[in-house]
Amino acid sequence: MNLWGVLVFVAVLCVTTCSLQTDQRHWKDLAEKELHEALQVKWNLGTAKNVIVFVGDGMGPNTVTATRIYQGGETHRMSFEKFPHVGLLKTYSADKMVPDSACSATALFGGVKSNYGTLGVDATVRRNDCSASLNKEARLNSLAALALNAGKSSGLVTTMRVTHATPGPLYAHAASRSWECEASMPSNAKQCKDIARQLVEDWPGRDLHVVLGGGRQVLVSNSTGTPDDPISSWSCYRQDGRDLIDVYKKDKETRGLRYKVVSNTRELENVDDNVEYLFGIFANEHMKYEFERNKGPEGQPSISDMTKVAIKILKKNPNGFFLMVEGGNIDMAHHRGRAKTAIDEAAAMERAVQLAINMTDEEDTLIIVTSDHTHTLTINGYPERGSSIFGIVRESPFDQVNYTTLSYGTGGPGSFQYSVETKDGETRVMRRDPSKEDTESFMYEQIAAIPLDENSHGGGDVAIYARGPHAHLFHNVHEQHYVYHAVAYAAKLGPYSNAYSTQISLGVIFMTVLIPFL
Ligand SMILES: *[C@@H]1O[C@H](CO)[C@@H](O)[C@H](O)[C@H]1NC(C)=O
Ligand SMILES: *[C@@H]1O[C@H](CO)[C@@H](O)[C@H](O)[C@H]1NC(C)=O
Ligand SMILES: *[C@@H]1O[C@H](CO)[C@@H](O)[C@H](O)[C@H]1NC(C)=O
Ligand SMILES: [Zn+2]
């Protein structure tokens with residue numbers, strides 16, 4: 001070998017091994033950073049003064065993965081994905097393998113599994129059985145109620161009607177989630193009170209410090225709609241002459257409480273610091289999707305806007321607070337088979353989580369991010385790295401038609417994209433070609449395998465992410481109703497109020513003892 005030969009040999013050797021090493025280095029750095037982070041994790045044995053529970057409705061693990069890729073690609077980590085403790089929750093209900101939001105929220109916030117479609121009552125109450133739901137023993141005391149009993153403030157934020165399935169179990173007890181107002185209650189349920197009335201007339205609803213969301217047509221009789229905020233004919237429409245927003249005001253006035261009622265973004269942002277009780281109803285129906293809401297001052301606030309004001313008000317209580325925040329439109333969009341809208345809603349909730357992190361102290365605030373149940377969303381094989389999560393993977397070698405990265409197991413009419421064609425006596429099943437449609441649109445409906453009236457919930461486990469005091473209690477595969485018990489323990493509420501002696505960290509001693517002298 002002459003000199004040239006040696007040089008070429010060395011160069012070739014370097015190109016192969018040096019580049020290999022650079023490539024390995026990238027992955028090793030990534031893993032070492034994670035390892036370093038993992039080694040820093042220490043259990044926080046303090047008591048949770050504040051608790052914030054985020055519920056991404058219908059936000060199963062595939063939705064979380066898709067949201068991460070949508071926000072920043074495969075290696076991106078969302079705010080809650082950096083939380084030190086993660087577990088899984090089994091979401092089956094007392095009677096069904098796959099739950100609805102009412103029984104799953106009852107598990108999360110009421111502490112027991114219950115029957116599909118029931119809310120704030122135990123499994124002795126069958127769906128629609130009004131008299132069984134009146135049994136005192138069957139009625140559950142929610143985490144919001146336990147927090148109030150402990151002298152904390154309590155509140156809820158949702159993009160749904162405030163009387164809907166996920167917030168409902170925080171304050172109401174009903175044999176059916178449909179009993180949001182009197183108009184949808186059957187004649188044999190006359191002794192039972194509708195969910196909206198329970199919110200403003202009964203305890204703990206009337207003592208909640210913050211209630212923000214939609215649902216005016218459920219609260220105020222004969223509400224009128226506008227093109228921007230229509231009345232929905234398929235959800236409860238109050239007609240009994242009651243104006244429950246007025247009932248709310250009178251109750252707070254009678255009790256001499258400082259309150260405010262708001263109905264758009266401007267009013268929400270102008271809520272001043274001395275308000276103790278805030279009631280914000282921003283829509284007749286559920287609130288609008290993030291991508292289509294009016295973002296001006298007269299429009300509907302975002303989930304972040306609501307979360308910010310909620311924390312501001314609740315934080316004033318020196319005993320701390322309990323807050324539930326629901327990203328409900330994730331589920332709504334999935335039911336319509338519109339994956340991009342669902343994922344965009346999950347991204348909006350993720351931003352609210354980051355805001356909650358910024359506004360609180362990890363030392364005394366337990367933040368939980370979880371879901372009530374999954375949907376049947378799938379991430380199909382094998383799109384290239386860096387491609388759009390809403391894009392097309394490739395042609396199927398079987399029917400020579402493209403397929404999308406995302407699809408559903410079940411779906412409504414728009415998701416059932418098959419037809420039968422008979423040509424020359426031969427019958428073939430045809431699949432609609434997604435490459436001829438705008439799959440990046442918020443309105444696009446991905447294909448589903450099984451036609452139903454709408455996309456159904458899924459039965460897979462959901463993840464639970466936690467940071468703050470006793471976050472390590474979420475560490476393996478848990479029952480969904482365990483969340484109530486772990487939160488009550490972490491915050492020393494109800495049955496767990498004397499479970500352990502409060503640990504005071506050196507940081508807290510420093511802050512309270514030394515700061516005044518500095
Ligand atoms: C609401 O509408 C119903 C049915 O049309 C009517 O009977 C009732 O009087 C109305 N209530 C109010 C408060 O206007
Ligand atoms: C949270 O704080 C970080 C760091 O200060 C900032 O960059 C980020 O914009 C804040 N996010 C929100 C949602 O407030
Ligand atoms: C599949 O989609 C790609 C673009 O993503 C397009 O170039 C190709 O023509 C499509 N194939 C068929 C058979 O429609
Ligand atoms: Zn749902």
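Every number for a ligand or one of its atoms is a count from 1 in the order of the listing.
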Residue pair R127 / R177, side-chain heavy-atom distance below 4.5 Å: yes
Does some side-chain heavy atom of D372 sit less than 4.5 Å from a side-chain heavy atom of P99? no
Protein non-hydrogen atom found under 4.0 Å from atom 7 (O) of ligand 2: no
Under 4.0 Å from atom 11 (N) of ligand 3, do we find at least one protein heavy atom? yes
Counting non-hydrogen protein atoms only, what is the nearest one to [atom]? Give residue, atom name and distance.
{"atom": "atom 13 (C) of ligand 3", "value": "E395 OE2, 3.2 Å"}
{"atom": "atom 5 (O) of ligand 3", "value": "I392 CG2, 4.0 Å"}
{"atom": "atom 3 (C) of ligand 3", "value": "N402 ND2, 3.6 Å"}
{"atom": "atom 2 (O) of ligand 2", "value": "N358 ND2, 2.3 Å"}

Pairing donors with acceptors under 3.5 angstrom, does anything connect the side chains of [X] and [Y]?
{"X": "D100", "Y": "H457", "value": "no"}
{"X": "S235", "Y": "E180", "value": "no"}
{"X": "S304", "Y": "S302", "value": "no"}

Decide, counting backbone as well as side-chain atoms, whether [X] has an N, O or S atom less than 2.8 Å from the Zn ion (ligand 4).
{"X": "H375", "value": "no"}
{"X": "H457", "value": "yes"}
{"X": "D331", "value": "yes"}

Looking at H335, which of its N, O or S atoms is the nearest one to the Zn ion (ligand 4)? NE2
If you round to the nearest 0.5 Å, how far is NE2 of H334 from NE2 of H373? 9.5 Å
Using only atom types and a distance under 3.5 Å, with no angle test, would you say the side chain of R293 pairs donor to acceptor with the backbone of Q300? yes
Report yes or no: does S371 contribute a side-chain atom to a donor-acceptor pair with the main-chain N or O of G56 at less than 3.5 Å? yes
With heavy atoms only and a cut-off of under 4.0 Å, state how D433 meets ligand 3: side chain, backbone, both or neither. side chain
Which atoms of ligand 3 have any heavy atom of S435 under 4.0 Å away? 1 (C), 2 (O), 10 (C), 14 (O)
Which atoms of ligand 3 sit under 4.0 Å from any heavy atom of Q400? 13 (C)
Over 60° means perpendicular and under 30° means parallel, so classify the ring planes of F474 and H478, tilted if in between. perpendicular
